[in-house]
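Structure first, then comments.
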Amino acid sequence: MIKLSTLFWLVLVSTTGFAMFAVKYQVQSLEEDLNRTKKATIEEEHAIRTDEAEWAYLTRPETLDEMNRRYLSLAPIATKQLRTTLTDIPLRAPTPAPVDVATADTPTESGPPATLASPIMPASPITPASSITAASLQKQTGVGERAQPAPATATPKPIVSRRPRSLDELIAQVAASR
Amino acid sequence: MIATQRLSFDDDNPCRPRHFKPPPCAAIVPDGPAKQAVETCRTRLLVTGALFVLLFSVVALRLAEIVLLESGSGEAQLGRLRTATAPVPSHADIVDRNGNVLATTLDSPSLYANPKQIIDAAGATRKLVQVFPNLSSAEVYAKLSSAKSFVWIRRHLTPTEQYSVNQLGIPGLEFEHEERRVYPDGDLTSHVVGYTGIDNAGFAGVERALDSLLKEGREPLQLSLDLRLQYILHEELQRVIDDFTAKGGAGLIMDVNTGEILAMASLPDFDPNHPAAPDLDHPAISLADRMFDRITLGVYELGSIFKIFTVAMALDGGTSTLTSTYDATHPIRIGRFTISDYHGKHRVLSVPEILMYSSNIGAAKIAVAAGAEKQRDFLARLGLLKPPKIEISEVGTPHYPAKWREVNVMTIAFGHGISVTPLSFATAAAALVNGGVLRQATLLKLPPGSTPQGQQVISPKTSEQMRKLMRLVVEHGTGTMAAAPGYVVGGKTGTADKVSGRHYAERKLLSSFVAVFPINDPKYLILTMVDEPHPNKQSHGYATAGWTVAPATSRIIQRIAPLLGVQPVDEAAPEVQRALMVESLQGKRIEAY
């Protein structure tokens, strides 16, 4: 009995001792690792600081100006280039209503925007003459190939009738018409 | 264990049955000294036991704390480890409003040697001289072969040099960690940022004024400067100086609604990296001249640009209106002075005309009508009678007459007899156009959208009138060359005769121009001045503000407006015209200046 308990304690002590030293050495090596990493980090930080200073030096306006003069010859934006804003750009001309096309009988009037937005000719009452020119226009613009099956499927969507009020709306309409 | 207890010798009777146990007898209580010994023993045991129990319970508790409660996170434990900590730079960086580095603290190692550890002094010298061609090999050899144990080889190495020295692999060469303040932009921001001396202590500019802040702070200090605008201002000022062979020049760009200074330059200037180094391009210019900040420290009689204050005072005080007229036919003689006009119209002029044609006689009469007390109070209210407040320690104290006599009233009306810093002038001028609120000029970036508290110095109505009058100067008056189509510039020219000794020097001018754009919705103020410009061929013999700094202002505005996001407008548009219309001049033919 005595021997058994002694043995138990001995085993326990040696296990704990071993475990303790194992953990201690592990911690020590981790600590060393940490120190190494920290030192490396500090070095990197120093390097970053130096690089930032160097970047500031290399990108100072004087250098950029000289570089521009030598390689790019960019000029400051002239006032006249800034006069017009995005809102000043006219939106695409409104598509004339089908009836207008028929009555006016001037097929050339409907430019590419019109053809883009009106792949629904069969559904609309257009005179044969204007429909032919519209079709030829479609071929020229390259939209015709994709638009040709459209008459066959005949899905009359009245998207053309409204004039887009904003650029976003216009893009949405163009997207919907494809 | 009890079995071993020996009760008495009688118990050793071999005939005693095994199951028989003698009845427990009373504890033997020793008597005399034995009793004492046992008692002591027991007490000691008890104390030792208690101590052990205490210690073990402490250990057990601590264990329980660590294992079960995890006593804080691992982070808390990290602090107790002996690990390397990052050496924080002694001073924080200074950056411009867009984050461009203006001043930074760099690790700059210095190379020293321990000659006792140097094995081959001659070989080491040869290698070192290859890395540092500036070092003399004789000197280095003498150092390396000396009997000392510490000699400096070179201070403040660049990273490349340090790398090269490390590559040499010479034992006995060591680096000492030192810091150095570096200004990547060199002379571009010299007067604003300033420079530092040994131990990186600030000697001038923001470095000096905010030294303690820079020492405490770890985050970069963000200035209100915009490096791009600073460059444009600097370049255009240099161009004016070169074109008109002037002695110097200065300028600033200010946000009229917040007081933030976006650019500020004074030429000639210095390289803060080597403040004392001579300027190789201009060896004739003294160091003191280059170090002198003409914007904050210099005080000048600014001349006619001061007339905006005279007119604003008269309009705000009600002593004149836009329709008031003053006779500028003849020069005013007062005492030994004669006040005359540079380009006199020799007729009766209205207030807008006085400003437009920059009539000294007219301005003097406006001021006299208001009186000395009003004038003095007004200038004091605008902060022109005390040194400017800004994040720079070097500020100039204004000069003005102690006794404000009538002759002083007259000369001060057109900017003579009072010297102020250009910074004070710009701060006050901004108040005239921004709706009448005086805000302290600042070099620190304000949070976007915030407007610092100001002091209402003139009424919004007077401010509006001033805007219209300043527009008139650029549209029809002396400042037509400052016009930048699309940006609705308003301004005022000023050409002052410089004081030399006790007299005014006829040929020595100080030409200045104050511009505000867009004047219908004032955003930015530009003040430019050039010291002693000389006429050139292009300027037809003129060195006045209208021919020197006004065109420079126009160029500056055209270059900076796109960067500042100012949308050009059609100046002929009815709404712009209506906003800047001076009613009293409507329908009248405006003479060209």
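Below, chain A is the first sequence line, B the second, and so on; all start at residue 1.
Contact annotation for residues 92-105 of chain B against chain A (heavy-atom separation below 4.5 Å, listed by residue number): B:Asp93, B:Val101, B:Thr104, B:Thr105.
In this structure, B:Glu219 places its CD atom where only 12 or fewer heavy-atom neighbours from other residues, nucleotides or ligands lie under 6.0 Å away.
Both the backbone and the side chain of A:Glu62 come within contact range of chain B, judged by heavy atoms closer than 4.5 Å. Residue contact with chain A, scored on non-hydrogen atoms closer than 4.5 Å, involves the backbone and the side chain of B:Leu227 alike. Interface remark: B:Tyr487 contributes side-chain atoms only to the contact with chain A (heavy atom separation under 4.5 Å). Contact of B:Gln567 with chain A is made through the side chain alone, with heavy-atom distances under 4.5 Å.
B:Glu571 places a side-chain N or O within donor-acceptor distance of the main-chain N or O of B:Gly486, the cut-off being under 3.5 Å. Judged by distance alone, the side chain of B:Ser110 and the main-chain N or O of B:His156 form a donor-acceptor pair under 3.5 Å. The backbone N or O of B:Val192 lies less than 3.5 Å from no partner atom in the side chain of B:Thr189, so there is not a single donor-acceptor pair.
Side-chain rings of B:Tyr195 and B:His274 stay apart, their centers remaining 6.0 Å or farther from each other.
Interface remark: of the candidates A:Glu54, A:Arg49, A:Glu52, A:Arg60, A:Arg49 forms the most heavy-atom pairs closer than 4.5 Å to chain B.
Remark: the B:Ser554 side chain and the B:Gln558 side chain contain an N/O donor-acceptor pair separated by less than 3.5 Å. In the model, B:Gln238 has a side-chain atom that pairs as donor or acceptor with a side-chain atom of B:Asp242 under 3.5 Å.
Using cut-offs of 30° and 60° for the angle between ring planes, the B:His191 and B:Phe270 rings count as perpendicular.
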